[in-house]
K.L.:
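Shown below is the structure under consideration.
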Amino acid sequence: MDDKIIEIRNVNKSYSDKPVVKNLSLTIKRGEFVTLLGPSGCGKTTTLRMIAGFEQPTSGTILFNGADITTLPPHKRNINTVFQRYALFPHLNVFNNIAFGLKMKLIPDGEPVTDKKGNRVQKMRHLTKVEISDKVNNALRMVDLEDYGHRSVNSLSGGQMQRVAIARALVNEPQVLLLDEPLGALDLKMRKDMQLELMQMHKQLGITFVYVTHDQEEALTMSDTIVVMKDGEIQQIGTPTKVYDEPANAFVADFIGESNILSGTMVKDFCVDISGHKFECVDSGFKHDEPIDVIIRPEDIHIVSLTDKQCLVEADVLTCVFKGDHYQVTALTYGEERNELIIHDNVEVNAGDKIGLYIKPFDFHIMHKSRLINTIDGEMYEENVVEFCDGRFECVSNLPEGTKVRVSVDFDDVELTDDEEDGIIGATIISTIYKGSYWQCIVRTDTYYDFFVDSDYEWSINDRVGIKIAPDKLIVEEVKDEEEV
């Protein structure tokens, strides 16, 4: 039997021309616990709802056991969903909530027979009251609620209501169970307990779980496979260990646990430069002097004496906080730029101390930058004025009106304003990552172009801002006919 139970092929989903899921392809194996992980608005719940049949893809195909179910209604899919808000029927007790789907279920009645026209047909019947009772009681035992069948759902705690919702989904014996942030409404202790219970259920049942969450700890604790999503696109697929230890890009590193994310230069194979300090690493295959991002986990930075031969760089301690099993140290390194690092070590230090730092070569995680410069297609509005992203920017160019152009601008030459009315165009902050000495933001315009912006200030996700660019910072080049797509 093919071990693939769900295949998502080149699926897109848009609402009012706004893309929510973009060309997503994913294979889910039979019996896997797969978690779709990402921030709010990344498309994970929309993806789950398309698997369930509650949403239809704008384009693309969804296969279940090799059959196309893209347009199949939810009740015809052998898939059940558990929602964050439980969706229990308040007028029914626990038993009848769980039994609801079984009362409408049809099962084969005996062997297929031949009708008057000579066709082989399968007679169907409803489950008997005894069969329903057996199945419901078995589901109640599975979620440790054997004595709760007679209880009103309104008398249950949040954790008990969630168990009832899970039992109601499992009683129909689906091949796939979809869970849409099912623990989001529970308190911390209950959430931890339910994580363990869900893992045990998955192991016991052996069916496929597809779980949606924005909680990184949940994903790392429970999953066989994590699918990290951002802005409707998959950023990385891998085991929890792989995703944590070898993040595919700066977003994944920043989203999964704490990370120090720094800009650097790959001097040559196995040698990276960070703020003028050259470090040995284990990466190769980059261009010489290629700008790169460097990821260093806090637990991979070790505090040593300034005179220790292992000392690679000196730093000033800013803070030291005891966290129970380690000290969290914030330190400012010396170099061409002074980078702020978060360090987890069992060495206690004091604010103002000078310390040495050591990092093993394989703990530098080197990755290509997703973009080196902002490049936008536009058109000359008139001499020295270029139009792009529905805004007209002054520039230094004598190209005539109507000329198709490509505009380039460095990350640190894009100026953000608190009041969007103070900018040439308005935009929304969709991502911020601290790079040791500055913040790198992704700012989405109303025409869906994403500017990368290096800023000295921390901006909040979903902030509305204005964008201004000095005329001499815009590089404007004519696009020849043969360059046009």
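Only a predicted model underlies this, so the values are computations on that prediction, with no experimental measurement involved.
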K.L.:
Can you check side-chain hydrogen bond (donor to acceptor under 3.5 Å, both in side chains) on Glu173 and Asn78, steps first, answer last?
P.N.:
CA-CA 8 Å; Glu173 299 171 353; Asn78 196 3; over 6 Å; no
K.L.:
Is the backbone N or O of Met222 less than 3.5 Å from a side-chain atom of Tyr211, with the two atoms forming a donor-acceptor pair by type?
P.N.:
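The answer is no, because no donor-acceptor pair under 3.5 Å joins these two groups.
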K.L.:
Within the 4.5 Å heavy-atom criterion, are Ile226 and Thr239 side-chain neighbours or not?
P.N.:
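In short, these two side chains do not touch, never coming nearer than 4.5 Å.
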K.L.:
Is it true that Asp224 and Lys29 make a salt bridge, defined as a side-chain N closer than 4.0 Å to a carboxylate O?
P.N.:
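No, no charged N to carboxylate O under 4.0 Å.
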K.L.:
So, the side chain of His365 versus the backbone of Pro247: is there a donor-acceptor pair under 3.5 Å, distance only?
P.N.:
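No.
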K.L.:
Before giving the answer on side-chain hydrogen bond (donor to acceptor under 3.5 Å, both in side chains), spell out for Thr70 and Asp68 the whole-Å C-alpha distance, their side-chain angles and the decisive distance to 0.1 Å.
P.N.:
CA-CA 6 Å; Thr70 309; Asp68 187 346; 2.6 Å; yes
K.L.:
Any ion pair linking Glu299 and Arg297 (charged N to carboxylate O, less than 4.0 Å)?
P.N.:
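Salt bridge: no.
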K.L.:
Please confirm whether the ring centroid of His368 lies under 6.0 Å from the ring centroid of Phe286.
P.N.:
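Close enough - the centres of the two rings lie under 6.0 Å apart.
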K.L.:
Would you please indicate if the ring centroids of Phe364 and Phe362 are separated by under 6.0 Å?
P.N.:
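That pair fails the under 6.0 Å test.
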K.L.:
If only side-chain N and O atoms count, and only distance matters, is there a donor-acceptor pair under 3.5 Å linking Thr208 with Glu32?
P.N.:
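The answer is no; no qualifying pair exists.
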K.L.:
Considering non-hydrogen atoms only, spot the tightest contact between Leu170 and Met142 and give its length.
P.N.:
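Between these two residues, the closest heavy atoms are CD1-SD, 3.6 Å.
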K.L.:
Between Tyr334 and Arg338, is there a cation-pi geometry (under 6.0 Å to ring centre, at most 45° from the normal)?
P.N.:
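So Arg338 does make the cation-pi contact.
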K.L.:
Testing the 3.5 Å rule here: is there a donor-acceptor pair between the side chains of Asn65 and Arg30?
P.N.:
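Asn65 vs Arg30: donor-acceptor pair found between side chains.
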K.L.:
For the residue pair Asn97 and Leu92, what are the closest heavy atoms and their distance?
P.N.:
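Looks like ND2-O, 3.0 Å.
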K.L.:
What are the two closest heavy atoms between Gln440 and Phe452, and how far apart are they?
P.N.:
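In this case the closest contact between Gln440 and Phe452 is OE1-CD2, 4.0 Å.
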K.L.:
Could Lys22 and Asp231 be called an ion pair, given the rule that one side-chain N must be under 4.0 Å from one carboxylate O?
P.N.:
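Yes, Lys22 and Asp231 are salt-bridged.
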K.L.:
How close do Asn249 and Val252 get, counting heavy atoms only, and between which atoms?
P.N.:
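In terms of heavy atoms, the two residues are closest at OD1-N, 2.9 Å.
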K.L.:
Output the distance between atom CD (Glu280) and atom CG (Asp283), rounded to the nearest 0.5 Å.
P.N.:
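Glu280 atom CD to Asp283 atom CG measures 11.5 Å (nearest 0.5 Å).
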K.L.:
Please say whether the positively charged group of Arg371, taken as NZ for Lys or CZ for Arg, lies over the ring of Phe451, i.e. under 6.0 angstrom from the six-membered ring centre and within 45 degrees of the axis.
P.N.:
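Negative - Arg371 is either too far from the ring of Phe451 or too far off its axis.
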K.L.:
Check the pair Glu218, Thr213 against side-chain hydrogen bond (donor to acceptor under 3.5 Å, both in side chains), reporting the backbone distance first and the verdict last.
P.N.:
CA-CA 8 Å; Glu218 267 184 16; Thr213 185; 3.0 Å; yes
K.L.:
Output yes when Lys354 and Asp316 qualify as a salt bridge under the 4.0 Å nitrogen-oxygen rule, no when they do not.
P.N.:
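Looking at Lys354 and Asp316, the cut-off is met.
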K.L.:
With a 4.5 Å cut-off on side-chain heavy atoms, are Phe270 and Ser284 touching?
P.N.:
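SC-SC contact between Ser284 and Phe270 confirmed.
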K.L.:
For the pair Glu290 and Lys369, find out whether any cationic side-chain nitrogen is under 4.0 Å from an anionic carboxylate oxygen.
P.N.:
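The answer is no: the pair does not qualify as a salt bridge.
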K.L.:
Answer yes when Arg191 and Glu217 have at least one side-chain N-carboxylate O distance shorter than 4.0 Å, and no when they do not.
P.N.:
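No, no charged N to carboxylate O under 4.0 Å.
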K.L.:
Please determine, by modelled atom types, if Asn339 and Ser275 share a side-chain donor-acceptor pair under 3.5 angstrom.
P.N.:
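Distance-only check passes for Asn339 and Ser275.
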K.L.:
Identify the two heavy atoms, one from Ala167 and one from Ile98, that lie closest to each other, and give their separation to 0.1 Å.
P.N.:
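Minimum heavy-atom separation between Ala167 and Ile98: CB-CD1, 3.8 Å.
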K.L.:
State, to 0.1 Å, how close Ile274 and Ser263 come at their nearest heavy-atom pair, and which atoms those are.
P.N.:
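Smallest interatomic distance, heavy atoms only, reads CG2-O, 4.1 Å.
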K.L.:
Indicate whether any N or O donor in one side chain lies under 3.5 Å from an N or O acceptor in the other, for Tyr244 and Gln216.
P.N.:
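On atom types as modelled, these side chains do not qualify, holding no pair under 3.5 Å.
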K.L.:
Is any side-chain N of the basic residue among Asp446 and Arg464 closer than 4.0 Å to the acidic one's carboxylate O?
P.N.:
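Yes, Asp446 and Arg464 are salt-bridged.
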K.L.:
Taking NZ, NE, NH1 and NH2 as the nitrogens, is one of them in Asp454 or Lys435 under 4.0 Å from a carboxylate oxygen of the other?
P.N.:
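Here Asp454 does not pair with Lys435 in a salt bridge, since their nearest N and O are not under 4.0 Å apart.
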